[in-house]
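The chains referred to below are lettered A, B, ... by the order of the sequence lines, with proteins before strands, and numbering in each begins at 1. The structure displayed is predicted, hence computed values, not measured ones.
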Amino acid sequence: MAELDTLAATDSQIAAFRGPLMEWYDENKREMPWRKTGDPYRIWVSEIMLQQTRVDTVREYYRRFVKAFPTVGDLANAEQDEVLKLWEGLGYYSRARYLHDAAQQVVREHEGTVPRDYDDIRDLKGIGPYTAAAVLSIAYNEPHPVLDGNVMRVVSRVFASDANIKKAKTQRHFRRLAGELLDPERAGDFNQAMMELGATICTPTSPSCGRCPVQDACAAYAEGEPEQYPVTPESKPVPHHDIAVGLVFDDDGRILIQRRPEDGLLGGLWEFPGGKAEEGEEMDKACIRELREEVGIDIEVDAPFYTLSHAYSHFKITLYAFRCRLIDGEPTSEEGQPIRWVKVADLDEYAFPRANRKLIEELERRQEEPSLFD
DNA sequence: GAACCGTGGTG
DNA sequence: TCACCAAGGTT
């Protein structure tokens, strides 16, 4: 096994890689909405949405987003609530907040033009090494190699490197190797070709080496077991929490919602108030306690409403929702966490997390069938 | 360096 | 069913 520091692309390897990859890409590239434009702003939007998110998931979100905000200026002038509503369901909501902030920064500091300089674009919130290289290469054809999960897998196989891809040192060398393979004349196409190869041919399990255009340049293929690359460390156990939330109705049939703090999990989204149950605590008691602590009201639990399981990025929950009535107190808006009474029909105007959306769907279902509302 | 940050598809 | 993981970035 070669050491990372001595690993390098040979001339023959580059020759067997660059040309065949580009030919394959020209013949096989998939159609994507953001490939119909040369607008650096739209390419930027697409790359933010594509972070840790599949192409097929992004397509529709992208279309709606650039229709609502055709230019950097339009996005900069938008309200955060409007941006988050368009991001609802896509996940990693800090991406939307950062993109919104960065658009205002581009208007303020760059006259509304996406920077072409690496350090300048890296200064924008939400743009790291990958996105900077992606936008610069695709929008401006600047020769920066991208290193995403696909490229990491391709590089680890081409060079048969068993280095841990979670380590910064490994990524530094893999980025260098990707740069050695890069076609400097067609940087944007080359980067997209690398990612598309990883997504469609050089897949994590059972790669299609028989259809691979760079088979002859691949050391892992020569070894016979490309699936053993890349090497990743074993994952840790995922924690589980029980969550109690209250569907609190007032006398007019409106329901109480609260916006989450800007930072952290689901930041800036609206939700039904509630929180984590304590060890051994009954869920209805947890609901009463949380509503007292979070919004300063006394409520009575009418009935269990719905229970669901949900997985977040690094923990899992079981969510217990209860139908509640306001007994005493006026809901108080904590700092940065405004509350609002909303008609069920108007809940669609707000951005909610998925788990809450499931509750809303159930609410709407039972409103159409009042008999289901015990 | 490592924890944190969503969601849906996949085998 | 459930662990894995996808065009990563921030703190």
Side-chain angles (χ1 to χ4, degrees), chain A residues 29-30 32-35 43-62 84 87-99 101-102 121-139 144-154 164-172 175 178 188-200 202-206 227 230 232-240 260-269 271 309-317 351-358:
Chain A
K29 64 179 175 188
R30 295 174 290 178
M32 299 176 193
W34 46 91
R35 285 184 175 165
I43 291 165
W44 172 24
V45 169
S46 75
E47 288 300 339
I48 298 298
M49 288 188 168
L50 285 163
Q51 289 170 5
Q52 296 289 284
T53 311
R54 285 182 169 74
V55 166
D56 284 340
T57 302
V58 168
R59 292 180 190 278
E60 202 50 39
Y61 280 94
Y62 171 85
L84 284 175
W87 212 271
E88 181 183 34
L90 197 54
Y92 285 139
Y93 299 97
S94 63
R95 292 184 295 176
R97 301 196 308 273
Y98 292 157
L99 178 60
D101 289 346
I121 200 169
R122 275 285 281 110
D123 274 339
L124 300 175
K125 269 200 274 185
I127 296 190
Y130 164 79
T131 308
V135 174
L136 290 184
S137 65
I138 297 171
H144 297 275
V146 297
L147 186 68
D148 75 327
N150 291 306
V151 177
M152 237 154 359
R153 187 168 55 255
V154 170
N164 182 345
I165 62 168
K166 297 296 184 189
K167 299 290 183 182
K169 179 185 178 185
T170 304
Q171 295 177 12
R172 193 165 63 246
R175 188 174 292 107
D189 285 341
F190 178 89
N191 281 332
Q192 294 184 84
M194 287 286 276
M195 295 189 280
E196 193 127 332
L197 184 76
T200 62
C202 196
T203 51
T205 58
S206 57
E227 317 78 37
T232 59
E234 45 194 282
S235 53
K236 292 180 176 180
V238 179
H240 179 277
R260 296 179 61 87
E262 283 272 325
D263 297 318
L265 184 74
L266 306 168
L269 273 66
E271 67 178 2
S309 295
H310 191 77
Y312 292 98
S313 50
H314 57 296
F315 66 96
K316 298 178 179 180
I317 65 164
F352 283 90
R354 265 302 193 251
N356 278 243
R357 269 288 154 216
K358 293 175 187 172

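Rounded to whole angstrom, the span from the CE atom of A:Met152 across to the C1' atom of C:dC5 amounts to 12 Å. Rounded to an integer number of Å, the gap from CZ of A:Arg357 to C1' of B:dG6 is 15 Å. At whole-Å resolution of the value, NZ in A:Lys316 and P in C:dT1 are 12 Å apart. B:dC5 atom P lies 7 Å from atom CZ of A:Phe315, rounded to whole Å. Note: CE (A:Met49) to P (B:dG8) measures 15 Å, nearest angstrom. Atom pair A:Ile165:CD1 and B:dG1:C1' shows a separation of 16 Å (rounding to whole Å applied). One atom, OH of A:Tyr312, and another, P of B:dG6, lie 9 Å apart when rounded to the nearest Å. As a whole-Å value, the separation of A:Asp263 CG from B:dC5 P is 10 Å.
Salt bridge A:Glu271/A:Arg260: present, at least one basic N to carboxylate O contact under 4.0 Å.
Here, C:dT11 and B:dG6 have their P atoms 14 Å apart, quoted to the whole Å. C:dA7 and B:dG11: their P atoms are spaced 14 Å apart (whole Å). A gap of 16 Å separates the P atoms of C:dC4 and B:dA3, to the nearest Å.
Here A:Ala311 lies in heavy-atom contact (under 4.0 Å) with a base. Residue A:Lys169 is out of contact with every strand shown, counting any heavy-atom pair closer than 4.0 Å. Contact annotation for A:Thr205: no contact, since no heavy-atom pair falls under 4.0 Å across all strands. Across all strands shown, A:Gly89 has heavy atoms under 4.0 Å from sugar-phosphate atoms exclusively, and none from any base.
Comparing A:Lys236 and A:Leu265 against DNA chain B, the residue whose closest nucleotide sits nearer the 5' end is A:Lys236.
Residues passing the ring pair (Phe, Tyr, Trp, His ring centres under 6.0 Å) test with A:Tyr62, sequence neighbours excluded: A:Trp34. Taking the side chain to side chain donor-acceptor pair (under 3.5 Å) definition, one finds that A:Asp123 meets it with nothing, sequence neighbours left out. Checked against ring pair (Phe, Tyr, Trp, His ring centres under 6.0 Å), A:Tyr312 has the following partners two or more places apart in sequence or in another chain: A:His310, A:Phe315. When the side chain to side chain contact (heavy atoms under 4.5 Å, CB included) test is applied to A:Arg357, the partners found at least two apart in sequence or on another chain are A:Lys85, A:Glu88, A:Asp348, A:Phe352, A:Ile360.
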Please produce a list of atom pairs where a protein N or O lies less than 3.5 Å from an N or O of nucleotides 7-11 of chain C.
residue: C:dA7; atom: OP1; partner: A:Asn150; partner atom: ND2; Å: 3.2
residue: C:dA7; atom: OP2; partner: A:Asn150; partner atom: OD1; Å: 2.5
residue: C:dA7; atom: OP2; partner: A:Asn150; partner atom: ND2; Å: 2.9
residue: C:dA7; atom: O5'; partner: A:Asn150; partner atom: ND2; Å: 2.7
residue: C:dA7; atom: O4'; partner: A:Asp148; partner atom: OD2; Å: 2.7
residue: C:dA7; atom: N9; partner: A:Tyr130; partner atom: OH; Å: 3.4
residue: C:dA7; atom: N6; partner: A:Arg35; partner atom: NH2; Å: 3.1
residue: C:dG8; atom: OP1; partner: A:Gly149; partner atom: N; Å: 3.3
residue: C:dG8; atom: OP2; partner: A:Gln52; partner atom: N; Å: 2.7
residue: C:dG8; atom: OP2; partner: A:Gln52; partner atom: NE2; Å: 3.2
residue: C:dG8; atom: O5'; partner: A:Gln52; partner atom: N; Å: 3.4
residue: C:dG9; atom: OP1; partner: A:Gly128; partner atom: N; Å: 2.9
residue: C:dG9; atom: OP1; partner: A:Gly128; partner atom: O; Å: 3.4
residue: C:dG9; atom: OP1; partner: A:Thr131; partner atom: N; Å: 3.0
residue: C:dG9; atom: OP1; partner: A:Thr131; partner atom: OG1; Å: 2.8
residue: C:dG9; atom: OP2; partner: A:Tyr130; partner atom: N; Å: 3.3
residue: C:dT10; atom: OP1; partner: A:Gly126; partner atom: N; Å: 2.7
residue: C:dT10; atom: O3'; partner: A:Tyr98; partner atom: OH; Å: 3.4

Compile the donor-acceptor pairs under 3.5 Å between side chains in residues 45-56 of chain A and protein atoms, sequence neighbours left out, one pair per line.
residue: A:Ser46; atom: OG; partner: A:Ile43; partner atom: O; Å: 2.7
residue: A:Glu47; atom: OE1; partner: A:Tyr130; partner atom: OH; Å: 2.6
residue: A:Gln51; atom: NE2; partner: A:Gly126; partner atom: O; Å: 3.3
residue: A:Gln51; atom: NE2; partner: A:Thr131; partner atom: OG1; Å: 2.9
residue: A:Thr53; atom: OG1; partner: A:Met49; partner atom: O; Å: 3.3
residue: A:Thr53; atom: OG1; partner: A:Gln51; partner atom: O; Å: 2.8
residue: A:Thr53; atom: OG1; partner: A:Arg95; partner atom: NH1; Å: 3.1
residue: A:Asp56; atom: OD1; partner: A:Arg59; partner atom: NE; Å: 3.0

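The phosphate of B:dT7 has OP1 or OP2 within less than 4.0 Å of a side-chain N or O from A:His310.
In the set B:dT7, C:dC4, B:dC4, the nucleotide with an atom closest to the side chain of A:Arg354 is B:dT7.
Note: A:Lys167 NZ to A:Ile165 CD1 = 12.5 Å, rounded to the nearest 0.5 Å.
Residues A:Met152 and A:Pro230 form no side-chain contact, since every pair of their non-hydrogen atoms from C-beta on lies 4.5 Å or further apart.
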